[in-house]
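In the text below, chain A, chain B and the rest are named by the order of the sequence lines, each starting its count at 1.
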Amino acid sequence: MNSSLQEIKDKIGNNDDFFFQRDYLGEFPVVLMAFKTLIDLPKTKKMLQTNINNPFTINKTLDEFLTGIGEVKEQDSKEAISSIMEGKLIVYLENIPKFVIVEPVSKILNRAIEQPVNENVLQGPLNSFTEDKDTNIGIVRRQMNSDNIQVISLAVGNDQKKSLSLLYLKDLTNIDFVHKLIDQIKKNQDKELNHLQDLSKILGFSPWVAISKYHTTELPLEAVQFLKKGRVILFQDRLPFALVLPSLLWDIFTLENDRNYPLPLTIAIRGVRIIGLLMTLLIPGLYVALVAVNPEVLRIELALSIAQSREGVPYPALVEILMMLVILELILEASIRLPRSIGPTITMVGGIILGQAVVEAKLVSNLLIIILAATTIANSTVVGFQNSLTIRLFKYIIVILASIYGILGIVAGMVLVSAYLAKIKSFGIPYLNLKFAKDGIKSG
Amino acid sequence: MYPENIIASTSEGHWLAILLGVIIHFVVISVYMKGLSFFPNRNIIGIYSSVGKGTALFFLIPVLLYFLMVIIITVRAYSEIITIVFLSNTPLWAIMALLLFISTYIASCGLETIFRTGILLAILFLPLILFIFFVSFQNVDWRYAIPIDGNFQFIKKRDYLESFFAFSGGYLFLGFVQPFFSYNRKNVLIAAAVLIPFFFFSVYIPILTFGQATASTFFLPFVVAVDAININWLMFDRVTMFFIISLIAFVMLFLSLVSWKTIRIIEQFIPSIKPVYMLISLSVIIFLFCLSVPDWKDVEKLFWWNTILRFYVLIAIPISIYLIGIHSKRKNQHENI
Amino acid sequence: MKTYKLAAIALLHFCLLFILSGCWNNKDINHRVLPVAMGISKQDKEYKVILKIPEPHQGTTQIKIVSATGTTITQVVDKISMNMESSVDLLHVKVIIIERETAEQGVKDIISGFMRARDVSAKALVVICDEDLDEFFSKIKKTTGPEGTTLFDFFEKNAGWNPQIALTRIWMVYRSIHSYTHDVAIPLVKSGKSTMVEQIGSAVIKNGKMVGEINSDETLLVNAFNGEGIQGRIEVMDHASVLIISDRMEHKSKLIEQKPYLQSQINIKVVLLETRGDPSTKVIKKELEHLLTNRFNLMFTKFQTSKADILGLGQFYRTQISRSQLKFWRSKYYPHLKMDIKFHINIQNEGYLKTSSD
């Protein structure tokens with residue numbers, strides 16, 4: 001037995017789903033190797049057989065024949081193993097030190113293209129990205145149908161290979177930016193890639209940035225539109241969404257599907273999202289500031305009714321609101337964790353029973369419940385879940401500042417948040433950039 | 001505070017006083033920009049250093065002192081105003097700490113951040129300020145604007161000279177931003193022109209609401225005038241507070257800009273320290289200094305001292321830049337020949 | 001490791017923030033007492049302050065009246081605050097009620113005090129009370145319902161305000177103290193029998209002192225003259241009653257030999273409501289013009305004798321009298337002012353019925 005064959009066997013032969021069989025390819029003795037769980041064995045064998053019996057192959061030399069069925073490689077056990085891991089069939093020639101990587105008929109391990117799960121589409125195209133990267137790229141190509149699209153694939157990771165694909169439009173995207181991105185990935189090619197934090201590490205972003213530096217989308221329509229704006233799309237294998245780079249502030253408010261409505265409606269919808277963002281940030285802080293520090297701002301009627309609703313509440317406004325906000329976060333978190341069938345229970349317990357009881361028991365004021373509801377609703381209007389998380393976090397900063405400085409604290413918080421947003425850059429492109437595409441054309 | 005100074009400086013024909021200030025402002029900006037345009041892509045620190053170390057020291061040290069004073073006065077005065085207007089329970093040091101902390105944070109992020117923050121803040125707060133400006137015409141009695149004939153008595157008044165703080169603070173940054181930003185000279189002038197109505201309104205609204213005799217008894221005339229606004233449909237009662245806090249948002253930005261400029265100058269002389277550390281220590285020093293100012297009278301005294309420096313900055317810097325510019329241009333021409 | 005260090009520092013700051021936020025005594029709104037009205041009377045050298053406080057109590061609001069005396073108003077408020085279970089916050093005082101005798105002695109100090117300390121909003125209304133304050137407040141307590149803001153609603157322009165009531169805020173009074181040419185009228189009230197407050201008329205305030213009194217019909221004219229809007233006011237005459245819809249004014253001011261002359265024309269649009277007998281529109285017009293002119297002239301002479309320029313007539317002479325001379329407007333020019341007022345009545349419509357035109 002060949003040494004490299006032995007090596008392969010030693011390394012992965014203990015797996016029960018490892019398939020190792022001696023066979024004859026025409027008159028040559030070969031060894032077929034693959035994972036049973038990854039390829040459809042009978043069909044693959046049949047395919048090989050038809051290849052051999054093909055009348056065109058009879059007159060060919062061995063080498064020609066081998067290149068006909070797959071990629072011929074020299075003795076390299078490492079590459080063989082990684083190919084097996086990827087779900088390829090290895091045809092090992094026992095007499096000559098060569099092996100062929102054959103593209104097999106693989107088992108269907110992907111789900112079909114389905115409706116988006118995390119994003120809802122109203123009156124728009126309904127298909128969404130899946131876990132399979134190649135499918136995703138295909139979807140994009142189908143959606144865009146232009147010879148301008150450029151796809152660059154890179155593999156990352158030592159122990160486990162993950163592949164990344166970059167998509168961009170040749171004549172719209174800032175080429176400098178693309179090169180920077182590719183160089184950065186190549187520099188960190190040996191790092192592991194499991195989740196987006198790893199990706200951030202590979203791209204050299206600070207892990208402590210509170211804002212997601214990628215805009216994620218499940219919808220091909222959105223992704224294509226971002227391409228047209230000169231952004232780069234990153235597909236990571238096994239992640240069912242596109243990562244858009246660079247992510248900009250304006251993305252929080254815009255959805256391409258908005259443009260399927262008349263223009264005034266588009267503007268109105270986006271306006272609502274902006275109001276939602278501001279409300280989420282301001283209202284809890286405003287409550288604390290007005291109740292605890294600056295009650296003179298309220299009209300007298302309002303002040304009296306608030307005072308009345310807070311009658312008997314035993315702790316300061318800050319504690320009150322923080323407590324309820326935390327409970328609210330818990331409800332949100334719990335409803336994600338739970339299976340879909342018991343999800344509504346949480347909503348009921350959290351929303352109706354707890355909300356009512358807490359007010360009845362005079363633990364918090366009526367007004368606070370209204371404010372919390374408004375905040376939560378407003379928070380959900382922004383585009384992209386990762387963005388709404390960010391805003392949820394900023395809200396607390398403003399609440400705490402408001403408890404110390406009142407209304408001044410709110411403004412200080414706003415200034416701080418603005419400055420923070422203004423500071424963020426990815427590959428030299430500021431987060432607050434409004435006309436990225438235009439710059440892209442200039443320099444590209 | 002600007003309206004207070006103007007109203008105190010003359011009892012009639014305030015428009016003349018404002019107009020004079022605005023004109024001086026325009027002349028200074030134009031000269032300054034003309035001078036700077038001789039040196040594309042260089043800031044004033046570079047310009048002065050190119051002439052010689054002595055010149056640099058001679059011109060930049062007063063500017064440095066001026067900036068420091070401006071930061072101290074602004075922080076101190078605005079925290080005092082905040083305590084008077086709405087946060088009467090909060091200790092002064094806490095407000096000063098907040099102002100300084102935020103401006104230091106912004107300044108540490110660099111000039112681009114300052115500008116981008118400025119745009120964001122303008123989007124957020126300018127509508128509010130404009131709205132308050134419009135509703136503040138509610139109680140106006142136009143007949144108080146009369147008599148309009150003025151004289152130049154006010155020039156000699158200390159109050160009038162002090163009022164120039166409103167003009168001298170902003171424009172110097174044009175000289176600092178050069179390597180980072182390029183700007184259009186026309187746009188700068190337009191921006192300055194847009195500000196003119198605000199100067200006028202801020203003085204005339206209190207006068208038109210209360211009359212000169214009453215307005216001159218106020219410490220912050222415009223704030224009181226805004227305070228007298230009554231809007232029935234608004235759920236909030238005191239519009240003043242919204243006005244002041246939106247102003248303060250911009251004050252924080254202004255502070256960060258000035259401290260950034262200050263750091264740039266210090267960096268020129270002591271390049272060994274990291275700018276961030278320098279910025280933090282600068283803020284701490286300013287904070288301590290602010291704490292040691294005991295009362296409003298001392299703030300006013302500081303203000304008066306600063307007036308001398310202010311006029312130096314207002315006059316000497318633009319003219320010197322202009323002259324150096326012409327000089328170097330001639331030299332270049334000679335060399336070219 | 002670095003990240004953990006950072007996290008620790010962040011946590012420390014967070015704790016610090018919490019300590020800080022409890023550092024100075026910011027009191028929550030339900031621990032503050034928010035008086036709506038404040039009564040002030042001066043007895044000898046002491047101020048007596050009465051506060052009307054709405055207190056939330058098991059779902060409804062109850063009115064509480066508290067009073068104390070002291071040398072300054074702030075001291076009195078402090079005293080009340082000390083003796084109450086929550087601290088008194090003057091931020092929401094909307095109505096300041098001053099006793100008549102106090103007003104006659106002068107309210108300059110009180111008003112300046114309010115303008116200086118910004119506790120009380122400059123927008124608070126000033127009212128003069130024509131009876132003993134204790135009595136006034138105790139009657140109010142009896143007649144008011146559970147809302148707590150009633151006294152304030154009585155004067156609020158979008159609630160219970162009528163054109164017969166002068167509407168004067170603290171800053172206007174303050175302006176009149178310092179202005180050369182502008183005085184104010186302050187509503188004069190007392191407690192009513194069936195309604196909470198009964199409006200008597202207005203007090204004429206000159207330089208912070210009450211110098212005269214006008215009735216509510218005259219107040220209406222003052223309001224009309226100051227452009228406060230007198231829409232919806234019903235005017236009763238011998239032969240008819242009319243509803244005033246709008247008014248517009250034109251003034252011509254002249255200064256001849258240091259004597260001011262003023263020609264004013266007030267155009268009033270009315271709607272006919274009720275007639276007695278069968279008067280023609282011409283008669284009604286004439287009657288109304290006559291009535292108003294007489295009333296105005298009577299009132300104006302009253303003002304001139306007390307040298308109080310409530311109508312702000314001096315404002316019309318700002319172009320003609322130099323500023324240094326304007327100081328003496330009240331004493332030198334105003335008493336000699338010749339005023340020629342003309343009312344011009346337009347009957348906009350006569351309702352569903354026809355009325356003969358002559």
Side-chain angles (χ1 to χ4, degrees), chain A residues 209 248-250 253 271 274-275 277-278 281-283 285-287 289-290 292-306 367 397-398 400-425 428-435, chain B residues 78-79 81-83 85-91 94-95 97-125 128 227 230-242 244-253 255-256:
Chain A
V209 178
L248 304 181
L249 180 68
W250 188 236
F253 307 117
I274 294 175
I275 294 171
L277 175 85
L278 289 178
L281 284 178
L282 291 179
I283 287 193
L286 211 58
Y287 175 80
L290 294 185
V293 191
N294 294 116
E296 69 267 34
V297 182
L298 289 168
R299 283 193 96 84
I300 173 77
E301 294 90 343
L302 216 57
L304 285 176
S305 71
I306 291 174
L367 188 74
I397 298 173
I398 293 185
I400 289 168
L401 275 174
S403 76
I404 307 174
Y405 294 105
I407 294 199
L408 174 71
I410 295 177
V411 172
M414 289 302 277
V415 174
L416 216 56
V417 169
S418 304
Y420 188 75
L421 294 179
K423 187 185 135 185
I424 288 175
K425 272 183 179 181
I429 289 147
Y431 189 61
L432 283 183
N433 203 333
L434 290 182
K435 36 182 190 187
Chain B
Y78 272 93
S79 34
I81 289 171
I82 291 168
T83 44
V85 176
F86 51 98
L87 285 177
S88 43
N89 284 337
T90 317
I95 298 171
L98 180 77
L99 287 180
L100 274 174
F101 168 71
I102 288 181
S103 56
T104 311
Y105 172 72
I106 301 176
S108 70
C109 301
L111 188 66
E112 277 183 69
T113 306
I114 296 175
F115 276 80
R116 275 198 294 273
T117 314
I119 294 168
L120 213 58
L121 288 183
I123 294 169
L124 286 173
F125 292 111
L128 196 66
D227 214 17
N230 190 34
I231 307 173
N232 283 330
W233 48 266
L234 206 68
M235 65 181 280
F236 300 116
D237 202 27
R238 298 209 171 171
V239 197
T240 334
M241 193 169 296
F242 293 100
I244 297 266
I245 52 173
S246 355
L247 267 190
I248 284 180
F250 290 102
V251 166
M252 289 180 197
L253 205 65
L255 280 177
S256 61

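- Between chain B and the options A/A412, A/A422, A/A419, heavy-atom pairs under 4.5 Å are most frequent for A/A422.
- Heavy atoms of B/I119 lying under 4.5 Å from chain A are absent altogether.
- For chain B, no part of A/I274 is nearby; none of its heavy atoms comes within less than 4.5 Å.
- Once rounded to the nearest 0.5 Å, the distance linking CG of B/L99 with OH of A/Y405 reads 8.5 Å.
- With sequence neighbours excluded, no residue satisfies ring-ring contact (aromatic ring centres under 6.0 Å, His included) with B/F125.
- In this structure, no portion of A/I410 lies under 4.5 Å from any heavy atom of chain B.
- Atom CG of A/L408 is separated from atom CD1 of B/I248 by 5.5 Å, given to the nearest 0.5 angstrom.
- Contacts between B/I95 and chain A at a heavy-atom distance below 4.5 Å involve backbone atoms as well as side-chain atoms.
- Of the listed residues (B/T113, B/I123, B/L120, B/I106), just one forms a side chain to side chain contact (heavy atoms under 4.5 Å, CB included) with A/S418, and that residue is B/L120.
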